[in-house]
**Q** 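Got a structure for you, written out below as structure tokens; questions coming shortly.
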Amino acid sequence: MIQSETASFRPWQNWLEAPSFGEAAFNETIDGGQAFRWRRIEDYFEGRWGQSIVRLRYRESGIQWSAPTSEQPEKITGALSTYFALDSKFEELTDALPWRSDQPLKTAIDAFPGLRILRQPFGETLFGFLCSSTKQIPQIKAICEAVALDIGEALPDGSHALPGWQQIAEAGEARLRAAKLGYRAKYIHQTALYLAEHRNFLKETESATTEEARKRLMQLPGVGRKIADCTLLFGLGRLEAFPIDTWVQKILARAYGLEGWKTEQLQDFARAHFGPSAGLAQQYLFAAARAGLIAA
DNA sequence: GCACAGGTAGATT
DNA sequence: AATCTACCTGTG
């Protein structure tokens, strides 16, 4: 992997507005499957979204950040505020979840205090989860990296941003296949062609009700209920969205005794049981299951 | 070699 | 309406 340019990074600075993270929740929030463009390097994580390149590291005293010297510090902290959805009070939302009468959820919350739902750029979130079907997280990351390198614009440090939908439409399906997308390449290219033709589609989706936004997303090729819900949750902050993947299905079956329930029934259960922040509960359970703390 | 992986769409029953 | 199945590719 050749980087044509290198950029110097700022000295580490305390992220004064940082939310209160436990270390496990910090790791899980940025590198637990919500986002696919973070990698761990030594004692820090380096991540990219939009035009942003940010390094973060956990310290007992709080979170510290760094970024290429070419970027204004205020721009970075502003981007962080949005990305980490600082306007949402996840501590309060967590307390309002039914953990008092739900042992698996209590186990998960105790293990990941401070876990958050990211608010990523909408289009990038859609792209990431269109890549995700029957793929493991390391492979999804590798695909995103390959697509960025081939099609995305260069960033100040010589790495690449994810391409926009217009760029993906122009690049064509063959180059997506070359990034190991397999059968997903066709869906993604067809979606790109549609979004390139309907420039306001995503913007209008962002301002729609969650139900309407889900319907709109599911019109796109390759976007079913699960990918739509992931996009709504991790890209739009719609915390009521409750993506049911193979993990969550197993968790609900084994830890909640819902063996044999259909996805539609599980959706109803999740809404009734977990309430308006069901998606946050989903993320706690997903994290705990991956860590082997609850049955899955 | 073969099952399986943060699914979806189209066919078949 | 519920239940198969094909679809790419990497990994164990």
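We name chains A, B, ... by the order of the sequence lines, and we start the count at 1 in each one.
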**Q** So what does A/Q34 touch, heavy atoms closer than 4.0 Å: a base, only the sugar-phosphate, or nothing?
**A**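 Base contact.
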**Q** Answer yes or no: side-chain N or O of A/K226 and base N or O of B/dT8 forming a donor-acceptor pair under 3.5 Å.
**A** no
**Q** Choosing from B/dG6, B/dG7, C/dT3, which nucleotide comes nearest the side chain of A/S133?
**A** B/dG7
**Q** Would you say C/dC8 has OP1 or OP2 under 4.0 Å from some side-chain N or O of A/R177?
**A**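 Yes.
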**Q** Quick one: label A/G222 by what it contacts on the DNA or RNA (base, sugar-phosphate, nothing), any heavy atom closer than 4.0 Å.
**A**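 Sugar-phosphate contact only - A/G222 comes under 4.0 Å of backbone atoms but never of a base.
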**Q** Salt bridge check, A/R37 against A/D31: does any charged N sit closer than 4.0 Å to a carboxylate O?
**A**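 Salt bridge: no.
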**Q** If we require ring centres under 5.5 Å and near-parallel planes under 30°, does A/Y183 stack on C/dC8?
**A** no
**Q** What is the distance, to the nearest angstrom, from the CG atom on A/L181 to the P atom on C/dT9?
**A** 10 Å
**Q** Would you mind reading off the distance between A/E264 atom CD and B/dG7 atom P, rounded to a whole angstrom?
**A**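 Those two atoms, CD and P, are 18 Å apart.
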**Q** Taking the six-membered ring for Trp, does A/F286 stack with B/dG6 (centroid gap under 5.5 Å, planes within less than 30°)?
**A**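 Check passed, A/F286 stacks on base of B/dG6.
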**Q** What distance, rounded to whole Å, do you find between the two C1' atoms, one in C/dA6 and one in B/dC4?
**A** 16 Å
**Q** Rounded off to whole Å, could you give me the CG-to-P distance for the A/L126 and B/dG7 pair?
**A**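 The distance from CG of A/L126 to P of B/dG7 comes to 16 Å, rounded to the nearest Å.
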**Q** So, does A/K180 get its side chain near the phosphate of C/dT11, meaning an N or O under 4.0 Å from OP1 or OP2?
**A**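 So the side chain of A/K180 is outside the cut-off, no N or O lying under 4.0 Å from OP1 or OP2 of C/dT11.
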**Q** Could you tell me whether A/I137 contacts a base, only the sugar-phosphate backbone, or nothing, with contacts defined as non-hydrogen atoms closer than 4.0 Å?
**A** base
**Q** With sugar-phosphate meaning primed atoms plus P, OP1 and OP2, does A/G128 contact a base, only sugar-phosphate, or nothing at under 4.0 Å between heavy atoms?
**A** nothing
**Q** Between the side chains of A/D43 and A/R59, is the shortest nitrogen-to-carboxylate-oxygen separation below 4.0 Å, so that they form an ion pair?
**A** yes
**Q** Taking the minimum atom-to-atom distance to the side chain of A/D245, which one of C/dT11, B/dG6, B/dT8 wins?
**A** B/dG6
**Q** Indicate, with a heavy-atom threshold strictly under 4.0 Å, whether A/K135 touches base, sugar-phosphate, or nothing.
**A**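 The answer is base, as A/K135 lies within the cut-off (heavy atoms under 4.0 Å) of a base atom.
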**Q** Report which part of the nucleic acid A/K186 touches: base, sugar-phosphate, or nothing (heavy-atom distance under 4.0 Å, all strands).
**A**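 Answer is nothing: A/K186 stays at 4.0 Å or more from every strand.
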**Q** Figure out the CG/P separation between A/L285 and B/dG6, and round it to whole Å.
**A** 17 Å
**Q** What contact category does A/Y187 fall into here, base, sugar-phosphate, or nothing, at under 4.0 angstrom with non-hydrogen atoms?
**A**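 Contact class for A/Y187: base.
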**Q** Just compare B/dA5, B/dG6, B/dA9 and give me whichever is closest to any side-chain atom of A/T134.
**A** B/dA5
**Q** Does the cation-pi check pass for A/R216 over A/F201, that is, NZ or CZ under 6.0 Å from the six-membered ring centre and within 45° of its axis?
**A**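 Yes; both conditions hold, so A/R216 lies above the ring face of A/F201.
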**Q** Could you tell me the Watson-Crick or G-U partner of B/dG6, where both distances fall under 3.5 Å? Say none if there is no partner.
**A**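 Across any shown strand, B/dG6 pairs with none.
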**Q** Give the rounded distance in Å between these two atoms: CG of A/L176 and C1' of C/dC7.
**A** 16 Å
**Q** Between B/dA3 and C/dC8, how far is it from one C1' atom to the other, in whole Å?
**A**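 Between the two C1' atoms, the distance is 15 Å.
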**Q** What is the distance from CG of A/L130 to C1' of C/dC7, rounded to the nearest Å?
**A**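 That distance rounds to 15 Å.
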**Q** Contact class for A/Q282 vs. all strands (heavy atom < 4.0 Å): base, sugar-phosphate, or nothing?
**A** base
**Q** What is the separation between atom CH2 on A/W247 and atom P on B/dC4, rounded to the nearest whole Å?
**A** 15 Å
**Q** Has the side chain of A/R214 got a donor or acceptor atom that lies under 3.5 Å from a matching backbone atom of A/R225?
**A**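 No.
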**Q** Nearest whole angstrom, please: distance from the P of B/dT8 to the CG of A/L217.
**A** 12 Å
**Q** If you pin A/Q139 and A/L220 to their nearest nucleotides in DNA chain B, which one's is more 5'?
**A**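 With A/Q139 and A/L220 compared, the 5'-side residue is A/Q139.
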**Q** Should the pair A/F21 and A/F84 be assigned to parallel (<30°), tilted (30 to 60°) or perpendicular (>60°) ring geometry?
**A** perpendicular
**Q** Should C/dC8 form a Watson-Crick or G-U wobble pair with both distances under 3.5 Å, which nucleotide is its partner?
**A**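 Result: none.
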**Q** Considering only atom P, compute the distance from B/dT8 to C/dG10 and round it to an integer number of Å.
**A**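 Roughly 22 Å separates the two P atoms.
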**Q** Would A/E173 and A/K186 pass as an ion pair if we require N to O under 4.0 Å?
**A**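 No salt bridge links A/E173 with A/K186.
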**Q** 5'-most contact on DNA chain B: A/P221 or A/I140, nearest heavy atom basis?
**A**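 The 5'-side residue here is A/I140.
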**Q** Describe the nucleic acid contact of A/R225 in one word from base, sugar-phosphate, nothing, applying a heavy-atom distance below 4.0 Å.
**A** sugar-phosphate
**Q** Charged N to carboxylate O under 4.0 angstrom, A/D268 versus A/R271?
**A** yes
